[in-house]
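Comments concern the structure below.
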There are 2 protein chains.
Amino acid sequence: MKDGRKRGRPRAFDAKAALGKARDVFWDKGFAAASLDNLSAATNLNRPSLYGAFGDKEDLYLDTLEGYRQDGMDALAEALDPSLPLRDNLARVYAGALAVYLHGETAARGCLLIGTATVEAVERERVREVLGRSLGDFDGEIEKRMRLAVERGELAEGADPQMLARLASAVMHSLAVRARAGDSRETLEAIARSGVELICGPA
Amino acid sequence: MKDGRKRGRPRAFDAKAALGKARDVFWDKGFAAASLDNLSAATNLNRPSLYGAFGDKEDLYLDTLEGYRQDGMDALAEALDPSLPLRDNLARVYAGALAVYLHGETAARGCLLIGTATVEAVERERVREVLGRSLGDFDGEIEKRMRLAVERGELAEGADPQMLARLASAVMHSLAVRARAGDSRETLEAIARSGVELICGPA
DNA sequence: CATATTTTGTACCGTTTCGCATTAAATTCT
DNA sequence: AGAATTTAATGCGAAACGGTACAAAATATG
């Protein structure tokens, strides 16, 4: 009773690890092209176990998106450490993103949300909701830092924190798309640098 | 002989119009989730006719992407009319894009390339090639205008035309993603305005 | 030890998928 | 008019799809 052991046969797998494997499949193939057989093979779970643990394919996909979103927000908060200059904060955000985006095996994977949820967003309301919320939360977290930067005088007096945050996000969206389109690391890093410079002003 | 009439039974459909109908299907559903039955119904062509005219599903998809890319480049060249100020040029580019992106029925469709080709780019080399080339050509066309702007003194002396062009594109990529994520027209227009201001300087 | 409960694995169901084989129709060339 | 050629339409077929029924296995409870 003390340990949370449930009543029936115990699970023979780690749900968190399985979710990570499923995420990789969705990341490469997208939602529609990822079959339950693909997911079953990658997770080493047979379809009924997958279904029992996570629900149907869309439920599973939404779970992976939600986990990814959470990881992204954690990484963002860390990169935006307010004891560092805004310029460094943004550079860290982009560097962290590129480390994830370029991790592909054949071709770079980009961002799970932008790369795979965007296409499903039109016809699947729940996907659209997660995507919209993820982008909005991301904007909001950067906006908080921008607001602080204005107070501190790191930005011009009349600067609009909300719009600057959205433009900082825009650079990330572009990195995500371009990574998947095959752009080189050097190109992407140059774009990130230029983005920082445009938003924060010349060094 | 003068008219291009071929030898056998003439086609009972307009290939260009059919391609446009197919494009709409791919635009909403993406490549993987669009079935040949969907495409057949939308184009009023039975599957064998589709197959005979355009090849398999990927061929058809690539055809629609190529047509979309061409249309986009035409619109871009028109928006970048060098007799207008750079600021107006960029505003026209974004306004034209939003007119297309927001045209959805239930949810906005965004950009066909960014919204649907990005997800397939990892595992389908031909899609990745078209996407990469499309983004690059778009950047290049804007870069030409940026170069002119530097010569004319519309931009700061040390401005880097290539990087400014890529950042101008980045704003478009973001508009494309956010449209599909459900952002309002007002939000998107505000982002476009702020992008112009950041790149061209305050009015 | 028996019972209840949960997970696992096999096998299967009905549907949808993409692509093509085949035949009928429409046109040009000889 | 008849042969050649191209398109149209029906329909098939093998495979893959998402999802589930069912029985065996593993654990907790009484």
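Just so it is clear, the structure is predicted and the values come from calculations on it, not from any experiment. Computation of the quantities below employed the complete heavy-atom set of this structure, encompassing side-chain atoms and omitting hydrogens, waters and symmetry-equivalent molecules.
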Residue whose closest nucleotide on DNA chain D lies nearer the 5' end, A33(A) versus P48(A): A33(A)

Rounded to the nearest Å, what distance is computed from the [atom1] atom of residue [X] to the [atom2] atom of nucleotide [N]?
| X | N | atom1 | atom2 | result |
| --- | --- | --- | --- | --- |
| K29(A) | dA16(D) | NZ | P | 13 Å |
| R9(A) | dA25(D) | CZ | P | 9 Å |
| R11(B) | dA26(C) | CZ | P | 18 Å |
| N44(B) | dA8(D) | CG | P | 12 Å |
| D37(B) | dG19(C) | CG | P | 12 Å |
| F54(B) | dC20(C) | CZ | P | 17 Å |
| L50(B) | dC20(C) | CG | C1' | 14 Å |
| L39(A) | dC17(D) | CG | P | 10 Å |

Sugar-phosphate only, base, or nothing, as touched by A53(B) at under 4.0 Å among non-hydrogen atoms: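 Touches nothing.
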
Sugar-phosphate, base or nothing in reach of A34(A), heavy atoms under 4.0 Å: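 The answer is sugar-phosphate, as A34(A) gets under 4.0 Å only of primed atoms, P, OP1 or OP2.
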
Step-by-step salt bridge (Lys or Arg N to Asp or Glu O under 4.0 Å) determination, E141(A) to K144(A): CA-CA 5 Å; E141(A) 189 70 20; K144(A) 284 195 322 199; 3.4 Å; yes

Which nucleotide sits closest to the side chain of [X]: [options]?
| X | options | result |
| --- | --- | --- |
| S35(B) | dT20(D), dT5(C), dT17(C) | dT17(C) |
| R7(B) | dT7(C), dC17(D), dT28(C) | dT28(C) |
| N46(B) | dT10(D), dG19(C), dT7(C) | dT10(D) |
| L36(B) | dC12(C), dC18(C), dA21(C) | dC18(C) |

Closest-nucleotide ordering on DNA chain C, the 5'-leading residue of P10(B) and A32(B): A32(B)

Nearest-0.5 Å distance that lies between atom OH in Y61(B) and atom CG in L112(B):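 One gets 5.5 Å once the value is rounded to the nearest 0.5 Å.
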
Atom pair CG/CD of D183(B) and E189(B) - distance to nearest 0.5 Å: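 So the CG of D183(B) and the CD of E189(B) are separated by 12.0 Å.
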
Y51(A) side-chain N/O to dG18(D) phosphate OP1/OP2 under 4.0 Å: no

Residue-phosphate contact under 4.0 Å: S49(B) side-chain N/O, dT7(D) OP1/OP2: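 Result: no.
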
Test salt bridge (Lys or Arg N to Asp or Glu O under 4.0 Å) applied to E120(A) and R126(A), step by step: CA-CA 9 Å; E120(A) 307 294 340; R126(A) 295 160 74 198; over 6 Å; no

Lys/Arg-Asp/Glu bridge criterion (N-O < 4.0 Å) met for R23(A), D71(A):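 Result for this pair is yes, salt bridge flagged.
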
